[in-house]
Chemist: 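Starting off with a structure, shown below.
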Amino acid sequence: MNPREQFGLIDIYLFDQLLKGRIAPGMRILDAGCGEGRNLDYFLREKYEVYGVDRSEEAIKAVRHQASGLLPEQLEERFRVESVEKLSFANDSFDVVIACAVLHFAENDEHFRQMITELWRVLRPGGLLFVRMASAIGLEDRIVPLGDRRYALPDGSERYLADLDFLHKWTDKLHALFLEPVKTVQVEQLRSMTTWCVKKPHILFFDPIEEIGDYEELEER
């Protein structure tokens with residue numbers, strides 16, 4: 001079978017998690033900010049229990065159409081029009097949560113906090129959070145600050161950008177465990193995309209992430 005026919009347009013770094021055995025049959029997966037479902041094709045055909053959310057009605061309509069031959073009676077339950085920062089799923093619902101090219105659309109620190117804490121809330125202990133987002137790594141002297149951690153990039157886009165210190169601090173605050181080092185790919189000094197893969201621990205802590213203050217408070221820790 002042609003690889004594209006088998007795996008669709010899955011993000012290559014998400015595919016890497018498959019190769020490493022971190023995403024396995026029987027797992028329940030949420031693609032948060034799924035768009036039109038480019039990362040869902042393989043999981044749907046391999047009978048994973050897949051869910052997806054996106055704020056775009058058109059995108060969810062496309063995903064439901066894509067899945068209609070496999071899940072004809074569960075489309076509205078599995079694929080929902082809703083924002084990442086206000087998910088309708090119960091706590092600890094998923095073994096894998098994917099946020100691919102989503103979190104860099106945060107409007108400010110508070111918006112990022114809302115999104116990341118929701119993703120963490122619905123992830124089961126022991127589960128994988130897979131994040132790909134734009135970052136400042138390697139572009140520090142080529143980006144223009146716009147305020148609220150948003151920057152103008154050399155490629156002409158505006159994004160909320162992470163950096164290595166930011167991701168390490170959030171990993172600590174979530175009490176997460178790195179599954180691998182933070183990895184960044186730079187494209188012609190125009191933009192950088194960073195992969196952040198962490199595991200939710202089984203141990204419960206006494207400072208729930210819902211009570212995180214603003215990012216200034218986070219930076220003081």
Chemist: Are any of the side-chain heavy atoms of Leu119 and Phe130 separated by less than 4.5 Å?
Modeler: no
Chemist: Taking all heavy atoms of Arg121 and all of Phe89, pick out the closest pair and write down the distance.
Modeler: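 Heavy atoms only, the tightest pair is NH1-O, 2.8 Å.
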Chemist: Between atom CH2 of Trp196 and atom CH2 of Trp170, what is the distance when rounded to the nearest 0.5 Å?
Modeler: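 Trp196 CH2 to Trp170 CH2: 7.5 Å, rounded to 0.5 Å.
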Chemist: Using side chain to side chain contact (heavy atoms under 4.5 Å, CB included), reason through Glu180 and Lys20 one step at a time and then give a plain yes or no.
Modeler: CA-CA 11 Å; Glu180 57 189 47; Lys20 291 173 178 174; 2.9 Å; yes
Chemist: Considering non-hydrogen atoms only, spot the tightest contact between Thr194 and Leu167 and give its length.
Modeler: CG2-CD1, 3.8 Å
Chemist: Can Glu107 and Arg150 be said to form a salt bridge (Lys or Arg N to Asp or Glu O under 4.0 Å), step by step?
Modeler: CA-CA 7 Å; Glu107 297 171 0; Arg150 291 186 63 84; over 6 Å; no
Chemist: What pair of heavy atoms forms the shortest contact from Pro154 to Gln189, and how long is it?
Modeler: CG-O, 3.5 Å
Chemist: Salt bridge or not between Arg80 and Glu77? Use side-chain N to carboxylate O under 4.0 Å.
Modeler: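 Yes, charged N to carboxylate O under 4.0 Å.
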Chemist: Which residues end up grouped with Leu139 if you chain together Ile, Leu, Val, Met, Phe, Trp and Tyr wherever their side-chain heavy atoms are less than 4.5 Å apart?
Modeler: Ile143, Tyr151, Leu153, Leu161
Chemist: Tell me, please, whether Tyr51 has Arg78 positioned over its six-membered ring: NZ or CZ under 6.0 Å from the ring centre and within 45 degrees of its axis?
Modeler: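 Yes - Arg78 lies over the ring of Tyr51, closer than 6.0 Å to its centre and within 45° of its axis.
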Chemist: Quick one: does Leu40's side chain get under 4.5 Å of Phe79's, heavy atoms only?
Modeler: yes
Chemist: Sort out for me which residue in Glu76, Glu57, Glu58 forms a side chain to side chain contact (heavy atoms under 4.5 Å, CB included) with Val81.
Modeler: Glu57
Chemist: In the structure I gave you, are the side-chain heavy atoms of Ile10 and Asp41 within less than 4.5 Å of one another anywhere?
Modeler: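 A side-chain contact is absent here, since even the closest heavy-atom pair is not under 4.5 Å.
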Chemist: Using atom types as modelled and distance alone, determine if a side-chain donor or acceptor of Gln186 lies under 3.5 Å from a backbone N or O of Gly138.
Modeler: yes
Chemist: Check Val198, Ile98, Ile23, Leu123 against Leu128 for a side chain to side chain contact (heavy atoms under 4.5 Å, CB included) and give me the one that passes.
Modeler: Ile23
Chemist: Any chance you could measure Ile60, atom CD1, to Glu82, atom CD, to the nearest 0.5 Å?
Modeler: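 Ile60 atom CD1 to Glu82 atom CD measures 8.5 Å (nearest 0.5 Å).
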Chemist: What is the minimum heavy-atom distance between Ala59 and Gly35, and which atoms define it?
Modeler: CB-O, 3.4 Å
Chemist: Would you compute the distance between atom CG of Leu146 and atom CD of Glu158 and round it to the nearest 0.5 angstrom?
Modeler: 5.0 Å
Chemist: Looking only at heavy atoms, what is the nearest atom pair of Tyr160 and Leu103, with distance?
Modeler: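 The pair with the smallest heavy-atom distance is CD2-O, 4.2 Å.
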Chemist: Which is it for Ser135 and His104 under the side chain to side chain contact (heavy atoms under 4.5 Å, CB included) test, yes or no, and what are the steps along the way?
Modeler: CA-CA 8 Å; Ser135 77; His104 54 229; over 6 Å; no
Chemist: Find the distance between OG1 (Thr184) and CD1 (Ile137) and round it off to the nearest 0.5 Å.
Modeler: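 Reported value, rounded in 0.5 Å steps: 3.5 Å.
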Chemist: Quick check: do Leu87 and Val53 have side-chain heavy atoms less than 4.5 Å from each other?
Modeler: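 Answer yes - side chains close enough.
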Chemist: Would you tell me whether Ser93 and Arg124 have side-chain atoms, one donor and one acceptor, within less than 3.5 Å of each other?
Modeler: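 On atom types as modelled, these side chains do not qualify, holding no pair under 3.5 Å.
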Chemist: Could Arg113 and Glu118 be called an ion pair, given the rule that one side-chain N must be under 4.0 Å from one carboxylate O?
Modeler: no
Chemist: At what distance, to the nearest 0.5 angstrom, does CG of Leu30 lie from CD of Glu49?
Modeler: 11.5 Å
Chemist: Starting from Phe166, can I reach Phe178 by hopping between I/L/V/M/F/W/Y residues whose side chains sit under 4.5 Å apart?
Modeler: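 Yes; tracing contacts between hydrophobic side chains, which count when under 4.5 Å, links both residues.
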Chemist: Taking C-beta and beyond as the side chain, do Ile29 and Asp95 meet within less than 4.5 Å on heavy atoms?
Modeler: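 Answer no - side chains too far apart.
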Chemist: Within 45 degrees of the axis of the six-membered ring of Phe94 and under 6.0 Å from its centre: does Arg28 put its NZ or CZ there?
Modeler: yes
Chemist: Taking salt bridge (charged side-chain N to carboxylate O under 4.0 Å, His left out) as the cut-off, I'd like each qualifying pair that reaches into residues 130-148, sequence neighbours left out, listed once.
Modeler: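 Applying salt bridge (charged side-chain N to carboxylate O under 4.0 Å, His left out) to every pair that reaches into residues 130-148, excluding sequence neighbours, yields Asp11-Arg132.
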Chemist: Applying side chain to side chain contact (heavy atoms under 4.5 Å, CB included), run through Gln66 and Leu44 and close with a yes or a no.
Modeler: CA-CA 9 Å; Gln66 176 185 355; Leu44 285 167; 4.0 Å; yes
Chemist: Do Lys86 and Gln114 touch side chain to side chain, with heavy atoms closer than 4.5 Å?
Modeler: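 A side-chain contact is absent here, since even the closest heavy-atom pair is not under 4.5 Å.
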Chemist: Taking all atoms of both residues into account, what is the closest heavy-atom pair of Asp155 and Ser157, and its distance?
Modeler: OD1-OG, 2.6 Å
Chemist: Assess whether a salt bridge exists between Glu36 and Lys61, defined as any Lys/Arg side-chain N lying under 4.0 Å from an Asp/Glu carboxylate O.
Modeler: no
Chemist: Could you check whether atom CD1 of Ile12 has more than 12 heavy atoms from other residues, nucleotides or ligands sitting under 6.0 Å from it?
Modeler: no
Chemist: With heavy-atom distances below 4.5 Å as the criterion, would you say the side chains of Val63 and Cys34 are in contact?
Modeler: yes
Chemist: Could you go step by step and tell me if Glu85 and Arg55 meet the salt bridge (Lys or Arg N to Asp or Glu O under 4.0 Å) rule?
Modeler: CA-CA 10 Å; Glu85 60 268 28; Arg55 64 174 61 196; 3.1 Å; yes
Chemist: Does a side-chain heavy-atom distance below 4.5 Å link Gln17 with Cys197?
Modeler: yes
Chemist: Does Met27 share a hydrophobic cluster with Leu19, counting links as ILVMFWY side-chain heavy atoms below 4.5 Å and allowing steps through other members?
Modeler: yes
Chemist: Please check if the number of heavy atoms outside His168 that lie under 6.0 Å from its NE2 is greater than 12.
Modeler: yes
Chemist: Could you tell me whether Asp16 and Arg22 have a side-chain N and a carboxylate O separated by less than 4.0 Å?
Modeler: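 Between Arg22 and Asp16 there is no salt bridge, as every charged N stays at least 4.0 Å from the carboxylate O atoms.
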Chemist: Output the distance between atom OG (Ser83) and atom CE (Met115), rounded to the nearest 0.5 Å.
Modeler: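 Spacing of OG (Ser83) from CE (Met115) equals 9.0 Å.
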Chemist: Determine, step by step, whether Phe112 and Phe105 satisfy the ring pair (Phe, Tyr, Trp, His ring centres under 6.0 Å) criterion, reporting the C-alpha distance in whole Å, the side-chain angles of both residues, the deciding distance to 0.1 Å, and the verdict.
Modeler: CA-CA 8 Å; Phe112 180 88; Phe105 292 110; over 10 Å; no
Chemist: List the steps, then state whether side chain to side chain contact (heavy atoms under 4.5 Å, CB included) holds for Asp92 with Val122.
Modeler: CA-CA 5 Å; Asp92 305 336; Val122 301; over 6 Å; no
